[in-house]
Amino acid sequence: MIAEETIVATEQRDDSRRTHFINMTLAVLADCGNSGTTLARIANRANVSPALLVHYFGDKDSLLGAAFQHLVNQFQHDTTQALKSAPTWRARIAAIVGCCLDSSQFRKDVGSVWLAFWGQAIHVPAIMEVQRIYQEQLLSNLSNALRPVLSEDQILPVATTIGALIDGIWLRAALQGVDEADTQAVVEQIGNFVDSCIAGRQAQKLSLPAIQQAIPDTCKSWIDGRPFASTGARFTTLNPATGEILAHVESATAHELDAAIESAGRGQKIWAAMSGTERGRILRRAADLLRENSRLLAHLETLDTGKPIAETQAVDIHSGADALEYYGSLAATINGEAMDLGSDAFGYTRREPLGITAGIGAWNYPLQIACWKSAPALACGNAMIFKPSELTPLTALRLAEIYRQAGLPDGVFNVLAGGRETGELLATAPAIRKVSLTGSVGTGRQVMASAAQSLKYVTLELGGKSPLIIFDDADIGNAVSAALLANFYSGGEICSNGTRVFVHQNIHEQFIAALKARVEKMRIGQPLDPKTQVGSLVSHDHMEKVLGYIELGKREGATLLTGGHRVTDGALAAGAFVAPTVFTNCTDDMRIMREEIFGPVMSVTTFTDEDEVVARANNTEFGLAAGIFTQNLARGHRVISRLEAGTCWINNYNITPIEMPFGGVKQSGLGRENSRLALEHYTQVKSVYVALGNVDSPY
Ligand code: NAD
């Protein structure tokens, strides 16, 4: 029987022999590189026979694998030791970088051994495996260091970038010279990089308390440069994704209207007396402030509307800021014309402001609507009293603060909170010379009737049931993208949506297959989650209306391709979430094809002939928008010229640059927003005749 001590002694001897052979291998590699390293050379250096090496390690590749493992273990041990005495994330990153880029790592012998291993990794599985473990350990060390300061989704990408930086610097320095591996400078650069990632994260994820602080318990109207208490009834504005109360809101009554008109009258005189250049400067400053505050504003908009933060951050606030910037730039160019009337006279016109104007907003793009209305009104020298929708009053009140901060005289932009009654007060008030409404067709008719009592100008941006026509030569991928944007962006709560999708019979099958696949990949989720693509509808009442239309579509005999239900998974059960829904085999007489649903519901039908589709597209009381997809541009222009719609797109949908007029025909509205045209809706023309000679009188 062999004694235990003998076994232990044998194992110890074997271990120290292995270590010795590994050290000899590393020495030969350092001298001769991989190609010059043979079992015979290593055996010679170790003073043993090659057969003994084979006995301990097998072939050369296994010996190299064991040697590399030894090196990596050593490295990992050093790193672990260094990390033990590193108390902060910066110190831990410095420790890791220090171990990797320590000057000893670039000594010719050490460097050439590492290079030999890296070079062999792709050829030798044993080495590849060790290098995989090495990279994993490096990433794990970096990730652990970063965990206290970065969010889970940031950690791996940032750690990978730092790892790549370290590897790159090491490789360059090992090949070129140690100078490039200024460890101190690298640690500093990496620290700056991580700082910027942390700042990005903080900016992206405003803390809930910071957002809540921005919402007063009770929202008051904003009159004459400050919040104005009201005696009117209080109502609440809710977060539709959770059902939670965001704030209480005081309704403005006739008393607040009088105060707003009085203050607007005063403010407007000061404002109109300023030059266009001065007014423009203030509007552009407000645009900058909107952009500076865009994250907070986007969060407020998302809380109030339920729309995904990814959208409100990318579109809503910036589109509002674009309007302020655009009209700020035009303010100094608002001029009349001169007329040559012969040698005895000339004439000219002045474009003068209307005075006090009113804006009444819908709930789907609250801040954008407030900007689209107030920017041209103010650029022309008017004052505006704005009433946001009762469902989404938060951001218009912030806009009023921003205008004040930018230098707008008090009273030039007042906000009256409230619902229909407050809107009616504005539409009827004789002192208000113009009302611009964004809302439904029914409300448009009421506002126009109210405005008629005092012969106000009206601009009406109303509802729609717009056609999107896809010809058989269309790029199907683009057409599907546009159909998705035209129906599901902002939860389908967009007035100009192309909800009647006419697809040419020849490509119908292909189109539907691609559409279904992409709709079913859409991410429905909490609106504040940056990955969410479909958020909550604006209210539970509105969700019931949308679900009612979905049931109607089923009863009417349309084929439900996908969606068609409320989404109640987990915490979403508390909100107003509806799955993106597509009906196919729709016919023109179905109510889902005729009425505005204003939710995520697309109705698809087929056509075969150009004349047929134009007639069917126009067979509606609405005329807000239309889109067509075709590679044949002659057909594109021909069809667009025959469509009864105010805003049209060829090979895209729902793009609304501030430079282009936006608005509807037929029951979809009157007048235009955006572009130079809007300036005409906020000015009145004064004609002036100037005589240069005597008065020629028969009397
Ligand atoms: P809505 O018509 O119910 O309300 C719009 C605004 O009008 C609200 O501020 C509301 O308080 C106010 N209002 C209601 N009755 C009024 C009255 N009698 N007098 C004065 N003001 C009154 O519309 P909504 O539900 O808020 O928004 C959805 C509608 O808006 C949809 O029909 C949509 O198509 C339309 N919309 C149109 C555009 C566009 O640019 N054309 C843009 C967005 C929304």
Side-chain angles (χ1 to χ4, degrees), residues 15 18-19 22-23 25-27 29-30 64-122 124 126-150 152 154-195 197-198:
D15 279 347
R18 272 203 185 84
T19 308
I22 282 172
N23 285 332
T25 307
L26 293 174
L29 267 176
L64 288 180
F68 190 31
Q69 182 71 66
H70 177 82
L71 205 61
V72 166
N73 288 349
Q74 187 66 47
F75 175 79
Q76 184 58 24
H77 173 262
D78 292 348
T79 309
T80 309
Q81 289 305 111
L83 284 172
K84 273 186 189 157
S85 51
T88 63
W89 72 265
R90 263 179 227 280
R92 280 192 281 278
I93 295 282
I96 298 164
V97 175
C99 289
C100 294
L101 301 184
D102 183 77
S103 57
S104 64
Q105 296 293 335
F106 304 105
R107 282 206 331 256
K108 188 165 178 285
D109 53 346
V110 181
S112 56
V113 169
W114 281 102
L115 283 172
F117 283 129
W118 293 138
Q120 279 308 96
I122 45 175
V124 181
I127 296 181
M128 176 59 104
E129 178 58 9
V130 181
Q131 89 82 32
R132 189 186 62 73
I133 292 166
Y134 162 83
Q135 292 291 359
E136 265 180 17
Q137 281 170 340
L138 181 65
L139 277 189
S140 155
N141 287 337
L142 288 168
S143 299
N144 287 336
L146 295 168
R147 188 147 283 114
V149 285
L150 292 181
E152 252 342 280
Q154 280 180 305
I155 290 173
L156 192 60
V158 174
T160 310
T161 306
I162 298 174
L165 196 66
I166 293 172
D167 285 349
I169 288 172
W170 181 86
L171 184 62
R172 289 185 60 88
L175 294 171
Q176 306 275 67
V178 189
D179 289 354
E180 283 193 12
D182 179 344
T183 311
Q184 205 53 41
V186 174
V187 167
E188 212 168 289
Q189 293 296 334
I190 291 177
N192 292 343
F193 168 58
V194 177
D195 281 340
C197 297
I198 296 169

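Any value given below was found using the heavy atoms of this structure, including those in side chains, with hydrogens, waters and symmetry copies removed.
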*Under the side-chain contact (heavy atoms from CB on, under 4.5 Å) rule, what do Ile93 and Leu146 come out as? Steps first, then yes or no, please.*
CA-CA 8 Å; Ile93 295 282; Leu146 295 168; 3.9 Å; yes
Please report the closest heavy-atom contact between [X] and [Y], naming both atoms and the distance.
X: Phe117; Y: Leu64; answer: CE2-O, 3.3 Å
X: Leu29; Y: Ala116; answer: CD2-CB, 3.9 Å
X: Gly65; Y: Val130; answer: O-CG2, 3.9 Å
X: Cys100; Y: Trp170; answer: O-CD1, 3.7 Å

Distance, nearest 0.5 Å, that separates [atom1] of [X] from [atom2] of [Y]:
X: Leu138; Y: Gln76; atom1: CG; atom2: CD; result: 8.5 Å
X: Gln154; Y: Leu156; atom1: CD; atom2: CG; result: 12.0 Å
X: Thr160; Y: Ile155; atom1: OG1; atom2: CD1; result: 11.0 Å
X: Leu165; Y: Ile169; atom1: CG; atom2: CD1; result: 4.0 Å

*Could you go step by step and tell me if Phe68 and Tyr134 meet the ring-ring contact (aromatic ring centres under 6.0 Å, His included) rule?*
CA-CA 10 Å; Phe68 190 31; Tyr134 162 83; 7.3 Å; no
Output all residues satisfying side-chain hydrogen bond (donor to acceptor under 3.5 Å, both in side chains) with [X], sequence neighbours left out; order by chain, then residue number.
X: Asn23; answer: none
X: Gln131; answer: none
X: Gln81; answer: Lys84

So do [Y] and [X] actually touch side chain to side chain, heavy atoms under 4.5 Å?
X: Leu115; Y: Leu171; answer: yes
X: His70; Y: Thr25; answer: no
X: Arg18; Y: Asp15; answer: yes

*Would you say Gln135 has more than 12 foreign heavy atoms packed within less than 6.0 Å of its CD?*
yes
_Among Leu101, Ile162, Asn141, which residue satisfies the side chain to side chain contact (heavy atoms under 4.5 Å, CB included) criterion with Ile96?_
Asn141
*Step by step, work out the side-chain contact (heavy atoms from CB on, under 4.5 Å) result for Gln74 and Leu71.*
CA-CA 5 Å; Gln74 187 66 47; Leu71 205 61; 5.6 Å; no
_When you compare the side chains of Gln69 and Asn73, does any donor N or O come within less than 3.5 Å of an acceptor on the partner?_
yes
_Any donor-acceptor N/O pair, Arg92 side chain to Ala86 backbone, under 3.5 Å_ = yes
